[in-house]
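To start, the structure under review is shown below, and the notes come after it.
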There are 2 protein chains.
Amino acid sequence: MAEHGRATECGGQSARKDLAAMMVPLGRALMAAELPVLEAHGLAMWAYSVLLHLEDEPVRTQSALAQAIGADKTRIIGVLDDLERRGLILRRPDPADRRARLLSLTPEGRHLRDTVQSAIQHRENQLLARLPAADRRGFLNALRALSALPPEEITGGD
Amino acid sequence: MAEHGRATECGGQSARKDLAAMMVPLGRALMAAELPVLEAHGLAMWAYSVLLHLEDEPVRTQSALAQAIGADKTRIIGVLDDLERRGLILRRPDPADRRARLLSLTPEGRHLRDTVQSAIQHRENQLLARLPAADRRGFLNALRALSALPPEEITGGD
DNA sequence: TATTGTTATACTCTATAACTATA
DNA sequence: TATAGTTATAGAGTATAACAATA
């Protein structure tokens, strides 16, 4: 019944738009909403992404960090340079393997990240407040579940 | 209570990740999932986006179409050239204003679009089937509502 | 003069290849 | 030899500027 994408009950219109066609523009708009907040704290999007990911667990190599945030390893080098120079992250050679760099947040970095994230989520909550409570709950549950899936589960044939 | 982004109940972890941090990668994965389907029919993402948008209503100018799908007007010209050459769209000078080009789908274009969209949504439905029914419903409701908002409502300060 | 579509150009972002140092 | 990080280069994608036709 949900097999054909068209003309189910509203006359020549799709039963729903493609998920990507809704999610990608919405994601872009949400990113655009973050930009003024980030700029106010001198952070670019990749820098914020780095700060966010370093919270969960200190990372052992730059390559691993790059992969985790969906960037090329060569692309975050300048970002890390800047964050280190500003005292927001630590980048120390691993004593056990001096090729690798142990990455971690400084207290200043953690504080900045918390400040920025609070501001961002505050705006997001205002947006979510427009939704009926049931939809909001389902939306967040589903979003959490789907975004936790490894990309191959979405890309690949199941 | 949802004011501070951190350390609500799970010890140093955010109550939730930022919406954009979940939506953008998920949107990318959904796009990646579409690519093989599109490629199988010789369509690039922008071309598919054009076909999707021309369904709703024939469009009076290329600029309007470009804006509607979030592209620069110069970027879709090659796309339209190709779609026209393949007989999937019609691009006729507006008799009332011969500067403008009236854009519409041909029957072949509509058929191709239906075929591709069915395949894409079929995959998407398999993904959605993993969710509890309540979450799935709330997710789709919220996604539809949020993506229907004008971008300024999300970007701007409300 | 302003606008539609087009072309040509410049710019930004991203990935590839080549180098250094450790292992 | 293989890997982590870095640098320099090339490529894709995108936007800007200039042009022709029409209003």
Side-chain angles (χ1 to χ4, degrees), chain A residues 20 24-25 27-29 31-32 34-35 38-39 43-50 53-54 57-85 88-104 151 155, chain B residues 20 24-25 27-29 31-32 34-35 38-39 43-50 53-54 57-85 88-104 151 155:
Chain A
V24 171
R28 270 200 251 273
M31 269 185 55
E34 291 187 1
L35 283 183
L38 294 177
E39 236 168 71
L43 289 177
M45 187 60 72
W46 283 119
Y48 181 54
S49 184
V50 165
H53 191 80
L54 286 183
E57 76 253 20
V59 173
R60 220 185 49 77
T61 72
Q62 296 183 182
S63 302
L65 172 63
Q67 187 176 8
I69 66 177
D72 191 275
K73 65 173 177 175
T74 62
R75 291 208 35 236
I76 62 169
I77 292 179
V79 177
L80 297 177
D81 288 346
D82 181 59
L83 290 175
E84 188 184 30
R85 209 178 309 124
L88 299 171
I89 66 168
L90 249 48
R91 180 156 61 161
R92 308 199 321 161
D94 182 347
D97 179 348
R98 298 225 306 282
R99 293 173 302 181
R101 304 266 176 277
L102 297 170
L103 301 169
S104 58
T155 302
Chain B
V24 172
R28 270 199 251 274
M31 268 184 56
E34 291 187 1
L35 282 184
L38 294 177
E39 237 169 71
L43 288 177
M45 189 59 73
W46 284 119
Y48 180 55
S49 186
V50 166
H53 191 80
L54 286 183
E57 77 253 23
V59 173
R60 218 185 49 78
T61 72
Q62 297 182 182
S63 302
L65 173 62
Q67 187 176 9
I69 65 176
D72 191 275
K73 65 173 178 174
T74 63
R75 289 206 37 236
I76 62 168
I77 292 180
V79 176
L80 296 178
D81 288 345
D82 181 58
L83 291 174
E84 188 184 29
R85 209 178 309 124
L88 298 171
I89 66 168
L90 248 49
R91 179 156 61 160
R92 307 201 319 162
D94 182 347
D97 180 350
R98 298 224 308 281
R99 293 173 302 183
R101 303 267 176 276
L102 297 170
L103 301 169
S104 57
T155 302

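So you know, we letter chains A, B, ... as the sequences are listed, proteins then strands, and number each from 1. These values consider heavy atoms only, across backbone and side chains, with no hydrogens, waters or symmetry-generated copies. This one's a predicted model, so the numbers in the text were calculated from it and none came from an experiment.
- Considering only side-chain N and O atoms, B:Arg101 lies nowhere under 4.0 angstrom from the phosphate OP1 or OP2 of C:dG5.
- For the pair A:Ile77 CD1 and C:dA17 C1', the computed distance is 14 Å after rounding to whole Å.
- Where A:Asp97 and A:Thr74 each meet DNA chain D at their nearest nucleotide, the meeting point lying more 5' is that of A:Asp97.
- Going from atom CG of A:Asp72 over to atom P of C:dA18 covers 16 Å, rounded to whole Å.
- Both B:Leu103 and A:Trp46 lie close to DNA chain C; mapped to their nearest nucleotides by heavy-atom distance, the more 5′-ward contact belongs to B:Leu103.
- A 4.0 Å heavy-atom criterion places the boundary nucleotides of DNA chain D facing chain A at D:dA2 to D:dT7, written 5' to 3'.
- Within a 6.0 Å radius of CZ in B:Arg91, other residues, nucleotides and ligands contribute more than 12 heavy atoms.
- Rounded to the nearest 0.5 Å, atoms CZ (B:Arg75) and CG (B:Leu80) are 11.5 Å apart.
- Whole-Å rounding puts the B:Gln62 CD to C:dT3 P distance at 17 Å.
- The distance between atom CZ of A:Arg75 and atom C1' of C:dC13, rounded to the nearest whole Å, is 7 Å.
- The CZ atom of B:Arg99 sits 10.0 Å away from atom CG of B:Asp94, with the distance rounded to the nearest 0.5 Å.
- Screening A:Ile76, A:Ile69, A:Val79 for a side chain to side chain contact (heavy atoms under 4.5 Å, CB included) involving A:Ser49 leaves a single residue, A:Ile69.
- To the nearest 0.5 Å, atoms CG (B:Asp97) and CG (B:Leu102) are separated by 9.5 Å.
- For the atom pair B:Leu103 CG and B:Arg60 CZ, the distance stands at 10.5 Å (nearest 0.5 Å).
- Remark: the B:Arg99 side chain and the C:dT3 base include a donor-acceptor N/O pair separated by less than 3.5 Å.
- Straight-line distance from the CG atom of B:Asp81 to the C1' atom of C:dT7: 11 Å, rounded to whole Å.
- Rounded to whole Å, the distance from CD1 on B:Ile76 to P on C:dT4 is 13 Å.
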